[in-house]
Amino acid sequence: MSRRLLAIAITVALAAVVAVAPARGATVNLRVDSAADLDALFDGTITTLPHAVDSGDGSGPHPCSGPSGSAPAATATGALDDAMRAAGIPWRGNWDPSIHDFFVNRIGPYASAAPDRYWSLTINDHFASGGCLAQVSDGDSVHFFYGPLFGDPGPVAPGSAGAPSGPRGGEPVGPGTDGSAAVKLRRLGVRATAYLRRSREAAGADWGRLVLALRRGDAPGRAAAALLGGDLEQSRDGSLRDDVNATALVVLAQEERRPRSARRAARWLTSIQDSAGGFGFRPGAPADVDTTGLAAWALAREGMRVPAQRGADFLDSAQAADGGFPTLPGGASNAQSTGLALLGLRATGAGVRSQSPGGLTGLDFLASMARRNGSIAYSPGANPTPTWTTAQALLGLTGRAKLLERDDRLDQRRRRAGAANTLPGPQRSSMEADFD
C-alpha cells in the first residue's frame, strides 16, 4: 500500500472516533518529509485528539494538548504521534522540561545531526517552535520537515523595522554605535557563556559543553566524542559513515588519543572538498556554510593549510548583505551558520572582520541576535533551539588561540603521524583576547 493510500486509510479508521471525540479534536493535513528524499514519509489527512505523548526518550508520557492553562486541544505533535504509530514509522523526541515540549530528533531514518540537520515544524506555512504547545484546528496544514533550513520568514537586516528590538532584542555593534565594539563583543561572549552554563540539559547542550571546554582552555576531545555519542568507528577511508560533519568532529575527538585516526579523518575531508573549497554534509551534496566552517576548523587543527584556507575562501564568498551568513549561499542569515562561518574563518587565520557592501560584519549580526537572558537567537523570526544556537554562535566568538590550542606533546605526535604544510601556530593578540 502506498504511503498516500495508507494516510487515507488511517483517516477512515479514525472516523468512528470523531463521533465521540471532544470538540477540540481536529482533522489536519499532515506532511512529513526530508530534503534528502522526494518521497514523503507521510502525506495525507489525520484526525487527532488531545492526548499524552511518549516519544521513547525514557521520560514517559507527557501532556501534549497546548499551553499550560489552556483548554486541551489537538496539537501538531499529537497529529505526528498518531500518524507515525498508525503507519508503523518510529519517531523519537527529547522532552525539555524547561519549555514543556519535545525536541523532535528522529522520524523514520532521519535523525538530527551536528551541526545543522534537524526537524522543523510549520503550521499553515508559519514556523512553530513547539509541537505540543501548538494547537491545531480542522483543515490546518502541518508540516514536519528535515533539512538544513528552518522555515523562517526571510532575511531582516539588523536595525530594520522587522529586526528584534527593545527588552528582548539584541544590541547591534558597528561603526556607528557608542562605546568600544570589542568590549561589547566580549560582554556578548561572557553572557552567552553564562547562559550555556545554566542550560546544561536543553536541546543542543552537547554543543554547549564543547564550546565551554574550549573557552576554559581544555582539549575538546571528550566533548567532541560526546557529540558523536561515543561512535568513533571510522571506515577504512577515514570517514565516519560518509558524514562530513561527524568526520570533522572525529578529528577533534581522536587528535589526543589516536592522532593517526584524526589524520585519516582529515585526509578524507580533503578528498571530498569541492572545487570552490566548500563541503556538503555528504560527498556530492551541495556545499553549505555550516559544514564548511566545521570542516575548515578540523583541517586547521590538523595543520592542513591549503584545504583549510580554501574552505575559508568559500565561507567569505557566502557572506550576506546583513553581515551574517546563511546555511546555503544566497539564503537568509542565521546565528548558527554565522557562528560556524566565523569559526572557520578565525581558525584558518582569515579573520572575522570582513564586511558586507553595507559595512556590516558577522559579529554585527550575532550582536543583533543577542537576548537579555544571554542567549543568541537563530534569526529575527525564529528561535526553536536557543541553547544549540547560542553554542554554535559562541564558537564564532571564541579566540583563535583557544580554537587551535594544543599541548607540545600533541604537536609532536601529530608531526610523527605525518602532518605537513602546517598552519602557523596561533598568535594571541589583544584583539583575539577580546572575544574569549
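Quick note: residue numbers are just sequence positions, from 1. Only heavy atoms go into these numbers, but all of them, side chains included; no hydrogens, no water, no symmetry mates.
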Query raised in the report: Looking at side-chain heavy atoms only, is the closest gap between D274 and F279 below 4.5 Å?
Result: no

Requested in this report: Kindly give the heavy-atom pair with the smallest separation between A79 and T48, and that separation in Å.
Outcome: N-OG1, 3.6 Å

Query raised in the report: Which pair of non-hydrogen atoms, one from P109 and one from R106, has the smallest distance, and what is that distance?
Result: O-NH1, 3.5 Å

Query raised in the report: Less than 4.5 Å apart, any side-chain heavy atom of L366 and any of L342?
Result: yes

Report task. Carefully, step by step, assess I123 and L121 under the rule side chain to side chain contact (heavy atoms under 4.5 Å, CB included). Result -> CA-CA 7 Å; I123 299 174; L121 166 65; 4.3 Å; yes

Query raised in the report: Taking atom types as modelled and ignoring hydrogens, do the side chains of D288 and T327 form a donor-acceptor contact shorter than 3.5 angstrom?
Result: no

Report task. Could you list the residues that satisfy side chain to side chain contact (heavy atoms under 4.5 Å, CB included) with A213, not counting sequence neighbours? Result -> R216, D218

Requested in this report: Answer whether the closest heavy-atom distance between the side chains of T348 and W297 falls below 4.5 Å.
Outcome: no

Query raised in the report: Taking the side chain as C-beta and beyond, is there a heavy-atom pair between S375 and R191 under 4.5 Å?
Result: no

Query raised in the report: Does some side-chain heavy atom of V53 sit less than 4.5 Å from a side-chain heavy atom of F102?
Result: yes

**Report entry** Point-to-point distance, once rounded to the nearest 0.5 Å, from CG of L214 to CG of L252
**Finding:** 7.5 Å

Report task. Indicate yes or no for a side-chain donor-acceptor contact from N334 to the backbone of Y378 under 3.5 Å, with no hydrogens or angles considered. Result -> no

Query - Taking every non-hydrogen atom, the tightest pair across A225 and A253 - result: N-CB, 3.8 Å

Query raised in the report: Where do D290 and F281 land on the side chain to side chain contact (heavy atoms under 4.5 Å, CB included) test, with the steps shown first?
Result: CA-CA 9 Å; D290 303 50; F281 70 93; over 6 Å; no

Query raised in the report: Is there a donor-acceptor pair closer than 3.5 Å between any side-chain N or O of W91 and the backbone N or O of M84?
Result: no

Report task. Using atom types as modelled and distance alone, determine if a side-chain donor or acceptor of Q319 lies under 3.5 Å from a backbone N or O of G323. Result -> yes

**Report entry** Atom pair OG/CG of S337 and L343 - distance to nearest 0.5 Å
**Finding:** 12.0 Å

**Report entry** Rounded distance [0.5 Å steps], CD in Q234 versus CG in L240
**Finding:** 7.0 Å

Query raised in the report: Is a side-chain donor or acceptor of T247 paired with a backbone partner of S239 at a separation under 3.5 angstrom?
Result: no

**Report entry** Rounded distance (nearest 0.5 Å) linking atom CH2 of W119 with atom OH of Y146
**Finding:** 8.0 Å

Query raised in the report: Do any N or O atoms from the side chain of E255 and from the backbone of P259 form a donor-acceptor pair under 3.5 angstrom?
Result: no

Query raised in the report: Minimum heavy-atom separation for V289 to L315, with atom names?
Result: O-CD2, 3.6 Å

Query raised in the report: With no hydrogens and no angle check, is any side-chain donor or acceptor of T389 less than 3.5 Å from a backbone partner on T385?
Result: yes

**Report entry** Under 3.5 Å side-chain donor-acceptor pair for R215 and T398
**Finding:** yes

Query raised in the report: Taking C-beta and beyond as the side chain, do I376 and R371 meet within less than 4.5 Å on heavy atoms?
Result: no

Query raised in the report: Any idea which heavy atoms bring T270 and M304 closest together, and the distance?
Result: CG2-SD, 3.7 Å

Report task. Please answer whether the main-chain N or O of G344 pairs with a side-chain N or O of R346 as donor and acceptor at a distance below 3.5 Å. Result -> no

Query - Exercise: do H51 and D81 side chains pair donor with acceptor under 3.5 Å - result: yes

Query raised in the report: Does V136 reach the side chain of T75, with side-chain heavy atoms less than 4.5 Å apart?
Result: no

Query - All ring-ring contact (aromatic ring centres under 6.0 Å, His included) counterparts of F144, not counting sequence neighbours - result: none

Query - Heavy-atom side-chain proximity of I272 to W268 below 4.5 angstrom - result: yes

Query raised in the report: Do you see a donor-acceptor pair shorter than 3.5 Å between the side chains of H143 and D33?
Result: yes

Report task. Please test F325 against S333 for side chain to side chain contact (heavy atoms under 4.5 Å, CB included), starting from the C-alpha separation and ending with a verdict. Result -> CA-CA 5 Å; F325 291 80; S333 296; 5.6 Å; no

Query - Any donor-acceptor pair under 3.5 Å from D57 side chain to W95 backbone - result: yes

Query raised in the report: Does the Y195 side chain pair with the main chain of N373, one donor and one acceptor, at a distance under 3.5 Å?
Result: no

Query raised in the report: Once you round to the nearest 0.5 Å, how far does CG of D322 lie from OG of S379?
Result: 10.5 Å

Requested in this report: Take F365 and L360, measure what side chain to side chain contact (heavy atoms under 4.5 Å, CB included) needs, and give me the verdict at the end.
Outcome: CA-CA 8 Å; F365 182 83; L360 295 169; over 6 Å; no

**Report entry** Ion pair R310/D313, N-O distance below 4.0 Å
**Finding:** no

Report summary line: Heavy atoms of R241 and R282 approach each other most closely as O-NH1, 2.8 Å

Query - Point-to-point distance, once rounded to the nearest 0.5 Å, from OG of S235 to CG of D242 - result: 6.0 Å

Query raised in the report: Any donor-acceptor pair under 3.5 Å linking the side chain of R263 with the backbone of V251?
Result: no

